[in-house]
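Notes to accompany the following structure.
Order of the sequence lines fixes the chain letters, A, B, ..., with proteins taken first and strands second; residue numbering starts at 1 for each chain.
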Amino acid sequence: MDNQYNPKDVEAKWQHIWQEEQPFSASVDSTKEKYYLLEMFPYPSGRIHMGHVRNYAIGDVVARFKRMQGFNVLHPMGWDAFGMPAENAAIEHGIHPAKWTYENIASMRHQLKKIGLSYDWKREFATCDADYYRWEQLVFLKMFEKGLAYKKGSSVNWCEDCQTVLANEQVEDGCCWRCHNQVQSKELDQWFFKITNYADELLDWTDKLSGWPERVLAMQRNWIGKSYGCEIDFQVAGDDEKIKVFTTRPDTLAGVTFMSLAPEHPMVEKLVTAEQSQAVQDFMTTVERQDKADRTSGDLEKIGIFTGSYCLNPFNGEKIPVFLANFVLMGYGTGAVMAVPAHDQRDFEFAKKYDLPIRVVIQPKDVDLVADQLTEAYSDPGFLVNSDQFDGTDNESAKEQIAAFLDNLGVGRKTVNYRLRDWGVSRQRYWGTPIPIIYCDDCGAVPVPEEDLPVVLPTDVELTGEGGSPLARHQQFLQVSCPKCGKTARRESDTFDTFVESSWYFARYTCPDYTDGPLDKKAANYWLPVDQYIGGIEHAVMHLLYARFYTKILRDLGLMDVDEPFTNLLTQGMVCKETQRCPEHGWLYPEQVIDGKCELCQQLVEQGRTEKMSKSKKNVIDPNQLIDQYGADTARLFSLFAAPPEKDLEWNEQGVEGCYRFLNRVWRAVADNKELITDAKVGADISGEAADLRRKTHQTIKKVSEDIDGSFHFNTAIAAVMELVNAIYAFKSAKESPGVLREALEAVVCLLNPFVPHICEELWHAMGHEEGVELSGWPTWDEAALVTEEISLVVQVNGKVRGKISVATAAERQAIEAEALADENVQRFIGAKEVCKIIVVPGRLVNIVVK
RNA sequence: GCGAGAGUGGCGGAAUUGGUAGACGCGCUGGUCUUAGGAACCAGUAUCCUAUGAUGUGGGGGUUCGAGUCCCCCCUCUCGCACCA
């Protein structure tokens with residue numbers, strides 16, 4: 001072997017071998033315990049960035065570790081290939097989205113292979129492959145059949161100039177990102193998935209996903225937003241119509257002094273009287289303007305307007321005014337709120353502003369609330385007052401009793417409300433999965449017959465960014481005959497939200513080549529659920545919730561038998577770097593700064609905050625350059641060593657060099673001792689320095705095993721191996737005990753293999769092994785080697801360290817106490833004081849308590 | 001405002017059940033070897049101090065023989081949600 005560590009040659013060699021021999025391809029084997037490891041697949045933007053390197057390095061550690069432990073590991077990779085950037089590239093550069101996407105995939109695949117990740121590349125697919133999305137179309141048809149996919153009107157951002165629908169991220173300050181025209185809202189008929197049917201199951205399982213970070217579960221619970229309450233009908237005065245409200249506080253019903261409706265409420269037109277018509281018009285204009293301007297800004301002033309109508313409180317028949325209020329949302333509850341100013345802060349502020357009555361109906365025990373002296377709403381528990389037969393009842397039981405009372409009268413009922421809305425999946429875009437529906441004037445929305453799938457996305461389109469989706473103008477695509485009646489019909493031109501593809505790709509990896517349906521049930525049931533899923537926290541709600549929902553859909557369609565897709569979830573932190581700025585040239589790339597000066601004008605560079613690596617701030621490190629300079633193993637090692645996976649990682653060039661130095665040390669440790677350790681065995685009786693190194697070796701095996709397994713403390717695992725390497729360098733009895741040295745070196749190579757696989761394979765073979773290091777298995781520690789004859793204990797006097805003693809491992813308590821008391825410095829601190837207690841913590845310390 | 005998490009040397013970060021605070025790495029200091037070194041190796045590196053001594057894990061209380069760790073109050077920061085009726 002070479003005396004010099006040369007990462008380029010070593011990495012090229014092993015990557016070639018892995019390419020040829022495919023040692024990481026997995027197959028169903030019911031005799032072995034499976035382990036499905038998955039990292040969130042990337043969008044093929046064209047370039048790998050440091051966030052990817054970190055994400056995939058973390059995953060690869062687990063994959064290689066589990067494989068060494070003997071698990072049957074599935075570790076696939078693919079491409080989340082539909083989406084807007086491909087269309088934008090087409091508009092800007094005239095490249096077809098398909099060409100752009102597949103070229104990006106090819107270059108990113110090449111980059112990923114240079115990192116040396118242990119993927120089963122045979123399972124790779126892109127979601128824009130018709131072989132993938134055809135099954136998504138089939139699942140959609142089944143969902144349509146079961147009423148889980150349905151159509152309803154919904155508004156989108158619309159640019160009149162470009163004649164196109166805009167995604168939220170294409171709207172900047174209420175204007176179109178391309179032409180800066182004011183964005184309008186437009187009502188379109190769109191497809192929805194009935195995720196609300198699964199709201200309870202999705203919520204209930206959040207208590208059972210013990211392998212997920214608590215904050216992700218909290219975010220999902222919050223998102224689902226289940227609340228228990230009551231729906232109450234308020235009769236409109238002088239009319240048959242009723243206004244339905246949802247409230248979580250039926251106990252405050254007697255305190256209702258007005259009603260607030262969302263400005264978009266369907267009954268508004270009917271309720272507004274002639275006298276109020278102009279005022280309401282003005283109000284509506286204000287609110288519309290506000291809506292756009294305030295989407296990004298914070299608090300909004302609470303404003304409202306009287307409709308001129310009244311409704312009746314079903315509890316006491318009181319006539320109360322109906323207002324429109326800007327803070328009432330049509331999307332939550334029923335879009336109408338019974339206002340109780342004494343006990344709800346928003347209602348309180350509103351009542352104060354418009355001089356509406358306030359009536360206290362909940363009294364706390366200790367203070368006496370007086371309506372016109374309140375400075376804020378009282379929303380804590382208490383007893384009912386001003387509520388007729390319910391006076392004196394505590395408000396918690398009053399919730400039940402009043403709900404029952406209303407139910408009896410037929411004007412109210414207990415209900416459950418969710419913040420979660422159904423999932424809108426229609427996108428007026430080209431680069432996505434076509435929705436397999438045909439519209440017929442006579443038959444309505446007709447599903448494409450299964451045998452006609454896939455509905456293939458046509459490639460002969462022109463993207464201009466104007467005039468809406470190219471599919472909506474593509475006559476050959478649009479014109480079909482109705483599958484039911486044969487008449488001329490029109491194909492759906494919308495495509496799916498790309499979150500649909502990412503909601504089941506993990507299942508398709510278990511059987512990517514299956515041609516008889518979306519999933520090979522046997523393979524899916526063997527591999528799923530994913531044992532460990534790894535990705536960014538930014539997907540905490542949308543992607544992860546949709547994937548959970550879709551899993552339940554696939555289960556209920558009988559395609560597989562799992563309830564939840566991901567048993568354990570790891571959300572890794574961002575990769576950050578210090579920003580640098582030139583007073584004249586703005587943000588600078590790291591390589592533009594030479595000795596703290598701007599390369600363009602020699603001015604002193606200002607050091608900015610450490611922020612997430614991003615092109616716009618130019619605080620980026622290109623993984624390709626890094627790998628060229630130091631090799632993939634160094635890049636991997638640094639991203640695993642500098643911070644625990646779930647925390648943000650601060651990039652530091654000197655830290656990278658430190659990792660490179662460490663790998664050099666490891667290399668030399670083997671190279672320098674190669675002859676000496678050939679065929680060396682651990683001797684029968686070893687003592688002194690050799691026993692110490694052997695203990696260190698086995699301690700390290702234990703520590704690294706425990707740090708990786710389950711807890712992902714990669715940084716401390718690597719630190720432990722560094723200590724072992726330091727011990728190897730300090731070992732002076734190599735000639736006498738080459739076997740102990742060999743054992744230590746082999747441990748280093750095995751333990752490091754999941755982190756830096758190229759160098760480890762090379763060193764493993766250099767040490768004379770025929771088989772690969774992965775096949776050698778994960779090393780196990782020998783408890784006997786951990787035992788020492790003597791241990792060192794700390795002696796404290798009143799909790800402060802005053803000395804150190806060395807005692808036999810098996811020493812009795814009495815002997816330890818005596819030894820501790822005999823220590824000279826300890827005696828000095830005891831002095832004339834009385835020893836009242838001696839605490840002995842085995843293996844740790846002795847604490848002498850004196851008075 | 002609500003929810004979640006965090007605050008430890010010059011820096012990134014370590015510290016099972018409460019049990020030697022600062023592992024490991026970076027940086028820095030000194031040394032060895034070298035024509036030279038930004039290579040390699042060795043030693044040192046929380047603060048104060050003459051000290052075998054005192055202080056020290058955001059601040060203030062408390063529990064304990066003993067608190068970075070447990071309890072109470074407060075401060076700061078990060079993330080998520082935000083008029084949710």
Side-chain angles (χ1 to χ4, degrees), chain A residues 213-223 225-227 229-230 245-249 252 259-260 262 294 298-302 325-329 331-340 343-347 349-350 417-419 537-538 540-541 571 573-574 610 637-638 641-644 646-659 661-662 664-665 668 703 706 711 713 715-726 729-730 792-804 824-825 828-829 836-851:
Chain A
E214 189 48 45
R215 62 180 183 143
V216 174
L217 295 172
M219 279 189 232
Q220 293 209 350
R221 284 186 202 115
N222 195 294
W223 188 263
K226 183 177 188 173
S227 61
C230 194
V245 304
F246 171 76
T247 181
T248 55
R249 295 295 303 272
T252 62
M259 175 76 78
S260 310
D294 284 298
D299 301 62
L300 184 56
E301 197 199 350
K302 290 170 184 49
N326 64 341
F327 63 86
V328 181
L329 310 172
Y332 184 78
T334 60
V337 178
M338 61 175 221
V340 187
H343 306 293
D344 179 282
Q345 189 57 29
R346 281 161 318 183
D347 295 343
E349 285 168 31
F350 196 83
N417 193 46
Y418 299 91
R419 185 183 169 275
I537 186 77
E538 64 271 23
V541 178
T571 48
M574 298 181 297
T610 295
L637 190 65
F638 179 74
F641 177 63
E646 65 278 5
K647 285 186 69 170
D648 285 351
L649 169 87
E650 198 186 318
W651 199 263
N652 176 304
E653 182 62 29
Q654 284 152 341
V656 175
E657 269 174 30
C659 287
R661 271 205 296 268
F662 170 67
N664 273 288
R665 267 167 79 78
R668 281 199 319 271
K703 167 112 181 105
E706 289 170 354
S711 56
H713 291 162
N715 53 336
T716 53
I718 293 165
V721 180
M722 287 175 169
E723 283 189 61
L724 178 57
V725 171
N726 290 344
Y729 269 78
S792 154
L793 294 182
V794 157
V795 184
Q796 299 180 333
V797 177
N798 283 351
K800 300 208 163 163
V801 180
R802 300 301 181 192
K804 275 178 198 177
E824 203 178 309
N825 201 46
R828 205 156 72 78
F829 278 89
C836 42
K837 204 170 174 188
I838 299 180
I839 291 144
V840 178
V841 183
R844 294 257 178 206
L845 55 73
V846 180
N847 188 13
I848 300 165
V849 185
V850 297
K851 239 194 314 206

Protein-to-nucleotide contact annotation, 5' to 3' order, nucleotides 5-10 of chain B [B base; S sugar-phosphate only; - none; under 4.0 Å, heavy atom]: ------
If you assign each of A:Ile537 and A:Arg828 to its closest nucleotide in RNA chain B, which residue comes earlier from the 5' end? A:Arg828
What pairs with A:Lys226 under salt bridge (Lys or Arg N to Asp or Glu O under 4.0 Å), at least two apart in sequence or on another chain? A:Asp200
Could you measure between the two P atoms, the one in B:U57 and the one in B:A39, and give it in whole Å? 37 Å
Between B:U55 and B:A6 - C1' atom distance, rounded Å: 26 Å
For A:Arg661 and A:Asn664, test the side chains for any donor-to-acceptor distance below 3.5 angstrom and give the result as yes or no. no
Phosphate OP1/OP2 of B:C65 contacted by A:Arg844 side-chain N/O (<4.0 Å): no
Any idea which heavy atoms bring A:Leu845 and A:Leu793 closest together, and the distance? N-CD2, 4.1 Å
Just the rounded figure in Å: distance from P of B:G13 to CG of A:Asn652. 11 Å
Assess whether one donor atom and one acceptor atom, taken from the side chain of A:Lys837 and the base of B:C65, lie less than 3.5 Å apart. no
Under 4.0 angstrom, heavy atoms only, what part of the nucleic acid is A:Pro213 near: base, sugar-phosphate, or nothing? nothing
B:A23, B:G53, B:G66: which one has an atom nearest the side-chain heavy atoms of A:Asn847? B:G66
What distance, rounded to whole Å, do you find between the two C1' atoms, one in B:A46 and one in B:G68? 14 Å
Selected nucleotide, minimal atom distance to A:Asn825 side chain, candidates B:U52, B:A85, B:G25: B:U52
For A:Arg802, is there any backbone N or O sitting under 3.5 Å from a side-chain donor or acceptor partner on A:Asn825? yes
Over all strands shown, is A:Val541 touching base, sugar-phosphate only, or nothing at heavy-atom distances under 4.0 angstrom? nothing
Minimum-distance nucleotide to A:Leu845 side chain [options: B:U20, B:G53, B:A23]: B:U20
Using atom P in both nucleotides, what's the gap between B:A14 and B:G3 to the nearest angstrom? 28 Å
To the nearest Å, how far apart are A:Lys800 NZ and B:A54 P? 6 Å
Considering every strand and a 4.0 Å limit on heavy-atom distances, what is the contact class for A:Gly225: base, sugar-phosphate, or nothing? nothing
Tell me the interatomic distance from A:Asn798, atom CG, to B:A54, atom P, rounded to whole angstroms. 12 Å
Whole-Å P distance, B:A82 and B:G19: 41 Å
Can you tell me which nucleotide in B:C84, B:G19, B:A40 comes closest to the side chain of A:Arg668? B:A40
Nearest-Å distance for atom pair CD1/C1', residues A:Ile839 and B:C65: 3 Å
How far apart are the closest heavy atoms of A:Asn847 and A:Gly799, and which atoms are they? OD1-N, 3.0 Å
Is there a side-chain contact between A:Asn715 and the phosphate of B:A14, meaning an N or O under 4.0 Å from OP1 or OP2? yes
Taking any heavy-atom pair under 4.0 Å as a contact, classify A:Phe829: base, sugar-phosphate, or nothing. sugar-phosphate
Donor-acceptor under 3.5 Å (A:Asn715 side chain, A:Ala642 main chain): no
So if I take every side-chain heavy atom of A:Arg419 and compare against B:U20, B:C83, B:C84, which nucleotide ends up nearest? B:C84
Heavy-atom nearest nucleotide on RNA chain B taken for A:Val794 and for A:Thr334; more 5' hit belongs to A:Val794
Partners passing side-chain contact (heavy atoms from CB on, under 4.5 Å) against A:Asn726 (at least two apart in sequence or in another chain): A:Arg665
Just how far, in rounded Å, is C1' of B:C26 from CZ of A:Phe638? 9 Å
With pairs defined as Watson-Crick or G-U wobble and both distances under 3.5 angstrom, please note down RNA chain B as a dot-bracket string, | for pairing with another strand. (((((((..(((......[....)))((((((.......))))))(((....)))..(((((..]....))))))))))))....
Any side-chain heavy-atom pair of A:Gln796 and A:Ile839 under 4.5 Å: no
Would you classify A:Asp347 as touching base, sugar-phosphate or nothing, given that sugar-phosphate means primed atoms plus P, OP1 and OP2, and contacts are heavy atoms under 4.0 Å? nothing
B:G22 and B:U47: how far apart are their P atoms, nearest whole angstrom? 14 Å
Side chain of A:Thr247 - closest among B:A15, B:U20, B:A85: B:A85
note: A:Phe662, atom CZ; B:C26, atom C1'; distance rounded to Å ~ 15 Å
Return no unless some side-chain N or O of A:Lys804 is found under 4.0 Å from OP1 or OP2 of B:U52. no
Between B:G7 and B:U69, how far apart are the two C1' atoms, rounded to whole Å? 14 Å
Side-chain contact check for A:Glu723: nearest option of B:C84, B:A23, B:G53 is B:A23
N-glycosidic conformation, B:G56 - syn within 90 degrees of 0, else anti: anti
Rounded C1' spacing from B:C79 to B:G31 in Å: 48 Å
Length of the line joining A:Tyr729:OH and B:C42:C1', which is rounded to integer Å: 14 Å
By the 4.0 Å heavy-atom rule, please label A:Ile718 as base, sugar-phosphate, or nothing. nothing
Contact class for A:Gln796 vs. all strands (heavy atom < 4.0 Å): base, sugar-phosphate, or nothing? base
On the nucleotide B:C2, are OP1 or OP2 found under 4.0 Å from the side-chain N or O atoms that A:Arg221 carries? no
Of the candidate nucleotides B:U16, B:U52, B:A15, which contains the atom at the shortest distance from the side chain of A:Thr716? B:A15
Using the side-chain contact (heavy atoms from CB on, under 4.5 Å) criterion, which residues pair with A:Arg844? Sequence neighbours excluded. A:Val841
Nearest-nucleotide pick for A:Ala218, side chain only, options being B:C65, B:U20, B:G3: B:G3
Does A:Arg346 have a side-chain nitrogen or oxygen under 4.0 Å from the phosphate oxygens OP1 or OP2 of B:G1? no
Ring center gap for A:Phe662 and A:Phe641 short of 6.0 angstrom: no
Given B:U20, B:G25, B:A85, which nucleotide is nearest the side-chain atoms of A:Phe641? B:G25
By side-chain contact (heavy atoms from CB on, under 4.5 Å), which residues pair with A:Val850, not counting sequence neighbours? A:Val797, A:Asn798, A:Ile830, A:Lys833, A:Val835, A:Ile848
Using a cut-off of less than 4.0 Å, is there contact between a side-chain N or O of A:Arg665 and OP1 or OP2 of B:C41? yes
Between CD of A:Glu646 and CD1 of A:Ile537, what distance do you get to the nearest 0.5 Å? 10.5 Å
So, does A:Asn726 get its side chain near the phosphate of B:G25, meaning an N or O under 4.0 Å from OP1 or OP2? yes
Rounded to the Å, how far apart are A:Glu538 CD and B:U78 P? 19 Å
From CE (A:Met722) to OG1 (A:Thr716), nearest 0.5 Å: 11.5 Å
